[in-house]
Amino acid sequence: MVEVQLRGRGILDERVLEAMGRVPRHHFVPLASRAKAYEDKPLPIDCGQTISQPYMVAIMTELLQLRPTDRVLELGTGSGYQAAILAALASKVLTIERHEPLAKSARASLGALGLDNVQVVCGDGTLGSPLDAPYDGIMVTAGAPDIPAALVAQLAPRGRLVCPVGSREAQTLIQITRRGEGTVEKKGTACMFVPLIGERGWAE
Ligand code: SAH
């Protein structure tokens, strides 16, 4: 997975490659599709959601440019796999999931791997989590109609945010970096995520 799908397709950040080589993806995949855990595709998880394709996890993680001291917020815990990669690269991760069964099983999967620097919270993440802000990195792993303003407000100086933005079916990755009072925005690759549902996302 790391050599062919990631390094072979242009993922260069050695820390990201090392983390993705170390965290067992099969541990976050439902038993029924475990044999496909290292294939180049998203896979179904409970509640009609998906665990993202490894390549997309790598691209988004690389864009966050994490340092070991960074504090990170993720919206859309899903299986917990992306949160595990973030936890391997940063000091602290808060991840929010709207489906309680997913939050519960992600908590168990992360706990079983001994990743004790991740907190999984159940709720609508589109308002972020102001009490724990600011964050050096914010990653949204569901497709949003636009970037939730509350998230940008919770970025630390020079903090990075990555979010798929577009329609309910297809999006473009947007990277936002805080620079002083303003922000710098860059457009990235095309992608397809399940919708971000909530107060500052899509209607249910
Ligand atoms: N990062 C996940 C995959 C994300 S799938 C992984 O590594 O497995 C997107 C997830 O976002 C789904 O589980 C969905 O329930 C969740 N989601 C959608 N809208 C949300 C919201 N407003 N707040 C929190 N989670 C949300």
Side-chain angles (χ1 to χ4, degrees), residues 1-66 72 74-90 93 95-99 101-115 118 120 125 137 139-144 162-175 187-197:
M1 180 185 91
V2 168
E3 291 309 318
V4 176
Q5 297 168 39
L6 307 184
R7 201 191 296 277
R9 286 165 74 187
I11 303 296
L12 298 173
D13 188 326
E14 288 298 333
R15 290 187 72 231
V16 173
L17 294 168
E18 188 278 330
M20 291 190 65
R22 184 153 48 96
V23 175
R25 188 169 187 259
H26 68 270
H27 190 81
F28 296 88
V29 168
L31 274 179
S33 43
R34 211 159 261 190
K36 299 181 182 154
Y38 296 94
E39 292 182 10
D40 182 23
K41 51 173 89 153
L43 291 168
I45 56 174
D46 278 354
C47 305
Q49 306 302 314
T50 52
I51 170 173
S52 307
Q53 178 193 11
Y55 180 57
M56 192 48 64
V57 171
I59 288 184
M60 293 176 80
T61 308
E62 199 170 50
L63 285 174
L64 274 197
Q65 299 160 12
L66 294 175
V72 181
E74 181 198 22
L75 304 197
T77 315
S79 67
Y81 177 66
Q82 174 72 73
I85 301 295
L86 297 172
L89 294 168
V93 178
T95 177
I96 308 180
E97 169 57 52
R98 64 188 286 267
H99 288 295
L102 290 177
K104 203 171 157 204
S105 80
R107 230 173 255 134
S109 303
L110 292 159
L113 289 182
L115 291 165
V118 196
V120 183
M139 186 185 288
V140 183
T141 61
V162 180
C163 179
V165 176
S167 70
R168 281 184 89 114
E169 291 79 27
Q171 307 89 25
T172 302
L173 271 190
I174 302 291
Q175 180 195 32
K187 267 198 183 144
T189 182
C191 52
M192 286 170 74
F193 278 83
V194 296
L196 181 75
I197 311 273

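Hydrogens, waters and symmetry mates play no part in the numbers below; they use all other heavy atoms, side chains included.
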Practice problem: Would you check if the side chain of Gln171 reaches a backbone N or O of Ala144 as a donor-acceptor pair within less than 3.5 Å? | Solution: no
Review point. For Gln49 and Ser79, does a side-chain donor sit closer than 3.5 Å to a side-chain acceptor?
Key: no
d(Gln82 CD, Thr141 OG1) to nearest 0.5 Å is 6.5 Å
- Using a 4.5 Å cut-off on heavy atoms from C-beta on, say whether the side chain of Tyr55 contacts that of Met20. no
*Quick check: does any side chain N or O of Arg107 sit under 3.5 Å from a backbone N or O of Val120, one acting as donor and the other as acceptor?*
yes
Next on the checklist: Could you tell me if the side chain of Leu196 sits less than 4.5 Å from the side chain of Arg98, heavy atoms only?
Outcome noted: no
Counting C-beta onward and ignoring hydrogens, is there a side-chain heavy-atom pair between Phe28 and Leu110 closer than 4.5 Å? yes
*Answer yes or no: is there a donor N or O on one side and an acceptor on the other, between the side chain of Thr172 and the main chain of Gly188, under 3.5 Å?*
no
To the nearest 0.5 Å, atom CG of Leu43 lies from atom OG1 of Thr50 at 9.0 Å
Just so I know, are the side chains of Ile11 and Ile59 near enough to count as touching, which here means a heavy-atom distance under 4.5 Å? yes
Looking at Met1, I'd like to know if its CE atom is crowded, meaning that more than 12 non-hydrogen atoms belonging to other residues, nucleotides or ligands lie closer than 6.0 Å.
yes
Notebook entry, point to check: Checking side chain to side chain contact (heavy atoms under 4.5 Å, CB included) for the pair Arg15/Thr61: CA distance, chi angles, key distance, verdict?
Noted result: CA-CA 10 Å; Arg15 290 187 72 231; Thr61 308; over 6 Å; no
Nearest heavy-atom contact between Val140 and Pro164 is O-CD, 3.0 Å
Are Gln175 and Gln65 side-chain neighbours, meaning at least one heavy-atom pair lies under 4.5 Å?
yes
Looking only at heavy atoms, the pair that brings Thr77 and Glu74 closest together is CA-OE1, 3.9 Å
Closest heavy-atom pair, Leu64 versus Gly137, reported as atoms and distance to 0.1 Å, is CD2-CA, 4.2 Å
Tightest non-hydrogen contact, residues Ala83 and Thr95, listed as CB-CG2, 4.0 Å
Legend entry - Any donor-acceptor pair under 3.5 Å from Arg7 side chain to Leu17 backbone: no
Scanning both residues in full, the closest heavy-atom pair of Ala84 with Leu115 reads CB-CD1, 3.6 Å
Interatomic distance, CD1@Ile174 vs NZ@Lys187, rounded to 0.5 Å, equals 5.5 Å
From the list Val16, Val72, Ile85, Asp13, side-chain contact (heavy atoms from CB on, under 4.5 Å) with Leu66 holds only for Val72
Closest non-hydrogen atoms of Gly125 and Leu75, given as atom of the first, atom of the second and distance, are O-CD1, 3.1 Å
Here the salt bridge (charged side-chain N to carboxylate O under 4.0 Å, His left out) pairs for residues 36-53, sequence neighbours left out, are Arg9-Asp40, Glu39-Lys41
Side-chain touch Thr189/Met56, heavy atoms, less than 4.5 angstrom = yes
**Asked** Does any non-hydrogen side-chain atom of Leu113 lie less than 4.5 Å from one of Pro24?
**Response** yes
Applied to residues 18-30, the side chain to side chain donor-acceptor pair (under 3.5 Å) test, sequence neighbours excluded, yields Glu18-Arg22, His26-Tyr38
>> Is there a side-chain contact between Pro44 and Pro30 in this structure, where contact means two heavy atoms from C-beta onward sitting under 4.5 Å apart?
In response: no
